[in-house]
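Fair warning: this is a prediction, and the values are worked out from it, not measured in the lab. Chain identifiers are assigned alphabetically (A, B, ...) following the order of the sequence lines, protein sequences preceding nucleic acid strands; residue numbering begins at 1 within each chain.
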Amino acid sequence: MSALLWPAAPAPLAAPGAAVAAEAAIDIDWVVLSPVAIVLGAAIAATLIEAVASRKGAGRVAAQPGYLRVVQAGLALLAVAAAGLVALRLALRAGESIGLTGDGALVIDPMTLYLQLAVAACALIGLLVITDRTVQGEDAFAPQAAAVPGSEYEQRARRRGLSQTDVYPLVLFATGGMMLFPAAADLITMFVALEVLSLPLYLLSGMARHRRLLSGEASLKYFLLGAFGSAFFLFGAAWVYGATGSLRLSEIAGSVGSASGLDPILVVGLTLILVGLFFKVGAVPFHSWTPDVYQGAPTPITGFMAACTKIAAFGALLRVVYAVAPALSWDLKPVLWTVAIATMVVGTVVGLVQRDVKRLLAYSAIAHAGFIMTGVAAWSAEGLAGSLFYLFTYGVATIGGFGVIALVREVDAEGHIRAEATGLDQWRGLGKRSPVLAGAFALFLLSFAGIPLTSGFVAKFAVFEAAFGAGAAVLAIVGLACSAAAAFFYARVIVAMFFESAPQGEAAPLAGVGIGVRTLGLTQIAVGLSLAFTLALGLVPGWFWNFTRGLAQLLS
Amino acid sequence: MIDNVVFAAAAETAGHSLAAELTWLVIAIPLASAGLLLVVGRAADRWGHLLGVAAPAGAFAVGAWAFVDLLSRPAADRVQDIDLFEWISGSSLNLSFGLRVDQLSLAFVLLVTFVGGLIHVYSVAYMALDADRRRFFAYLNLFVAAMVLLVLANSYVLLFVGWEGVGLASYLLIGFWNQRLEYAVAAKKAFVANRVGDVGLIVAMMIMFSQFHTLSFDGVFAAAEHASAATLTLIGLALLLAACGKSAQFPLQSWLGDAMAGPTPVSALIHAATMVTAGVYLVVRSGPIFEQAPAARLAVVVVGAVTLLYGAIVGCAKDDMKKALAASTMSQIGYMMLAAGLGPVGGVFAIMHLLTHGFFKAGMFLGAGSVMHAMRDQVDMRRFGGLDKFMKITWLTFMMGWLAILGVPPFAGFFSKDKIIEQAFVAPDGQLWQGWVFGLVALFGAGLTAFYMSRLFFMVFYGKARWTDGQHPHESPALMTVPMAVLALGSVLLGLILTLVGFDDYLAPALVEGHHGEPVLGAPIIMGATLALVVVGALIAWTRFGSAKANVPVLPPAADGLIRAARADLYQDTVNHALFVRPGQVLVAQAAKADDDVVDGAVRGLAWLVQGVGGLVARVQNGYARSYAATMLAGVILLAAIVLAGRL
């Protein structure tokens, strides 16, 4: 597995025409680095813009100029799109650009480029949802996130129509970290990437306009538990360094074979590193934050992080598992199997009793992490390909699903649009009130459930078949049983939307009931894009399937 | 015109006839109609049912054309695989969507579209007063499209698409009157049983794919010749599980009775004539796999035998007319399953019985619907009686179905069921006990069938009138009686026709080759014994429920254990509930509790202790993040223990 992944010569294989770095101590191939560099550069620029932009009025409720929002959103969208295009361009000539760069700190191989492309694509769709505003001019974020929720000051800020644009630099930093995460070739870089992607997300989770307390609580929990998870990662890295004397993944992999008394230390160290990554992907028993954070965070952010974090973190997990651990597979298999089975079962079983749509999708996300883990734990080229396929299809459908949730709101008697209507009861009869939205959501749910002709079916087929082929039939059968059971709670939402009627209220017929609201239309575009991908990858998955297969072949 | 010629020429060069190339229309027509009816919505209320009826008629026309075309081809050249489009192609997995037009699939297509079409016509009148009739027709069309897709698919993966489609349509139609809670519950039960079956089909596909790297019928069957018996047995058992779920076979049969909550035409179409027979189709279609997996085949036979007795026993005790018919369907499919497990020769008769059953059982269900129509949706047979004078057409058509299912010569059931019983007596590979056991079960089942079907027939149409007050039974309109009459005609003639035209010779080339074995008893003896048992069963029913002297109480009398058990579906629901549902619910509740607050509860318990001692208020809010962290820590310790345990 590792022959091609770790070129014998540590020197970078500079692409033709690339700006060759000087004969300095550190060789940096800027061309292959550019997707990450574009996004992080844009993030820094956005921060500077945020700092220098003139505010109207004085005092603490100073309003930002109207153009700022357009500039920031435009910059973010452009940067992410450009990064995605560059990654695509590099991926298309993938054979040439395999290599280590940054003095061996980064590995830019086809898998990295694919994952960067996937992150960029999902982040782009996510950014559309983030940028969207209702027809009443409100976005999903608090006018002043630092204000005490419900305070007089916050009310004043809301009345004045304040809104914040610091969301954009934060999202860009997170995206940059996510693109760096699967590219890390040593444990320190991996840790830095982990923190770069995590810290902005902690903040973003606390910025919801509605239900501020829930949002703040989610942010704090995510931060505390995230720090806890990161600590395990670092601790594991220390153990591994103790056992092998290196933090470089290739050198760790190389020293696995040489028998020494330190072997158990290495194995425990790797397990702790895996724990840090399990936390990020939301695998049981490191999942407890997921439902609370998914529920509390602003819905556009939930969609963004559910999709992109999962892609990035699984990328890093695949890197560790497939590049370092093959020699230790006998030791680590029980860990992966236990976690995969527990994740599928807990996600599915607990999902069955949820009554809140966002929490339901959170448990669904946990279950899906388990399904992807079956591909990881298969430890084969097919498993790798299946996981890569799954990650993208799941990410896209997830953003679309949360995009729909962001649009289904409560509307009060005065016609003012309020928070998302996330109670399952509020979704009853949505099919009559907003048929297109409900139909789109139903398709995403069918894809999650793995019904044929949606991308979810092909993805599930890919990972379970890989597990069967790699002698992990137990995993595949548990996965099938869980996906059969999970279909039940997806079906329940569909039934609620289309076959049940809304509870009849006396005073205002629509009070408390979710209804699709009108916005600038960006979310609708995002949902449409997600839907197109979901259907296209279900109806004609061939090219994409072969593409991921080819990637996996290249790496093995 | 020129285009057509070019098209035809292209088709000829590919070795397929134009009719076969166009078979996709059989699927597309009802699908398009369903989509149109759903999308147009209320605006289509006025003409929706007309389009709904036209769709299966159009599909039938195309199917009939393809059938005539098939007959014009030499027998050896009748299996045609039509590629529609490449779904996934290239590296390791080739999945293309294609149709298999052959003797088996076209027989099904004709059954589904013809009987389905009649039931659509019947529904126009039956659902006339329902505000959502258009939606009902949309679902019916959707069902027809999914069902023909299921039987026309040339790979397991496309079959699975249809398989899920009929499940979805069935779910929608059972719960069509979803205002009633118990109907929604019934729909849910059907959904769950079907999902269990679906897992079987997916597991089978996974094994096939990991072993054979293909899912097309051709590829799998070719590879199966070289596969190990263990693999094939596993695939066979997984397919059997799938068949059990879809065809309501033991132990997944419990949903069928509850599914009768749906409108009666649905029961006739889906839960008698077509969808529930999909399991039989799957087993017969997968003949090359079962042929080399004797253990799996034996399991099929056992499941069929158990279900045929089970359904017959339950049928003897049901007072709800539709549920008695549902039990009978279960039992008859048990016959088909048994035959399908007996090998290719049995498979032919399984399909033949499936076709005749499709006619006579659909006819009887429509008859039951007509009775309900006349009796204000009454279904309790103890509240009928003496209806023969008021509903002459319903009575006569029902009688044809009754004679057919009893297997009275020359009605349809005689030709198909009698052959199955004869085949059941064949001892495979010298296993004499098998011949005797399955033969006697099938024989005894025929007697029971005669009893419970006669009981139903006599209780409804003969004896004293035991109606509730204010009933004015009347014959149904022509839109309902004409389809019943056509189906009754089929119940009379279809068996004879199929035998005369040599259905077994027609179908055999589509299946693997088999050899006729000799039954352990002579064929005339079996036939005689069957007829004798049938007469006895019918006579007992007559004396107890039919004759003028018979006194049928309007309330079910107290009964001994067996009858009570039969009334309660042999306690299958209770068993299921105790074995699966309860533990499942408890497990879910517990797991949810554990996830949410057991770990947390430990902390909270401690907090309560502190509260009790020091009067301190421990906020739950604080507990959460800490208990989450505790879960994580426990997880880390667990994983470290696992990994180190491997090292020791």
Quiz prompt | A/Phe457 vs B/Ile202, side chain to side chain contact (heavy atoms under 4.5 Å, CB included): CA-CA, chis, key distance, verdict | solution = CA-CA 11 Å; A/Phe457 173 75; B/Ile202 302 180; 5.6 Å; no
Practice problem: Would you check, one step at a time, whether the test side chain to side chain contact (heavy atoms under 4.5 Å, CB included) holds for B/Gln211 with A/Phe468? | Solution: CA-CA 9 Å; B/Gln211 298 296 316; A/Phe468 259 111; over 6 Å; no
Exercise. Any chance you could lay out the side chain to side chain contact (heavy atoms under 4.5 Å, CB included) test for B/Leu639 and A/Phe278, step after step, and finish with the verdict?
Key: CA-CA 12 Å; B/Leu639 291 187; A/Phe278 287 153; 4.1 Å; yes
Self-check item: Test log, rule side chain to side chain contact (heavy atoms under 4.5 Å, CB included), inputs B/Val636 and A/Phe228
Solution: CA-CA 12 Å; B/Val636 170; A/Phe228 199 49; over 6 Å; no
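Every pair passing side chain to side chain donor-acceptor pair (under 3.5 Å) that includes a residue from residues 152-161 of chain B is listed here, sequence neighbours excluded: B/Asp81-B/Asn154, B/Tyr156-B/Ser286.
Interface residue A/Ile451: only side-chain heavy atoms are found under 4.5 Å from chain B. For A/Thr348, no part lies near chain B; criterion is any non-hydrogen pair under 4.5 Å. No part of A/Val284 comes within reach of chain B, as not one of its non-hydrogen atoms sits under 4.5 angstrom from that chain.
Contact tally against chain B (heavy-atom pairs below 4.5 Å) for A/Ile477, A/Val345, A/Leu224, A/Thr271: the top residue is A/Thr271. Most heavy-atom pairs under 4.5 Å with chain B: of the set A/Val335, A/Leu220, A/Val275, this distinction falls to A/Val335. Heavy-atom pairs under 4.5 Å with chain B peak, among A/Arg492, A/Lys460, A/Glu465, at A/Glu465.
Shown here for B/Gly635 and A/Pro285, the closest heavy-atom pair between the two residues is CA-CG, 3.4 Å. Contact between A/Leu225 and B/Ala629 at its shortest, heavy atoms only, is CD2-N, 3.7 Å.
Between B/Leu644 and A/Pro264 the shortest side-chain heavy-atom distance falls below 4.5 Å. Looking at heavy atoms from C-beta onward, A/Phe464 lies out of side-chain contact with B/Val203 at the 4.5 angstrom threshold.
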Check: residues 159-169 of chain B side-chain donor-acceptor pairs under 3.5 Å, at least two apart:
unit_1, atom_1, unit_2, atom_2, d
B/Trp163, NE1, B/Asp198, OD1, 2.8
B/Glu164, OE1, B/Arg195, NH1, 3.2

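Within a 6.0 Å radius of OH in A/Tyr202, other residues, nucleotides and ligands contribute more than 12 heavy atoms.
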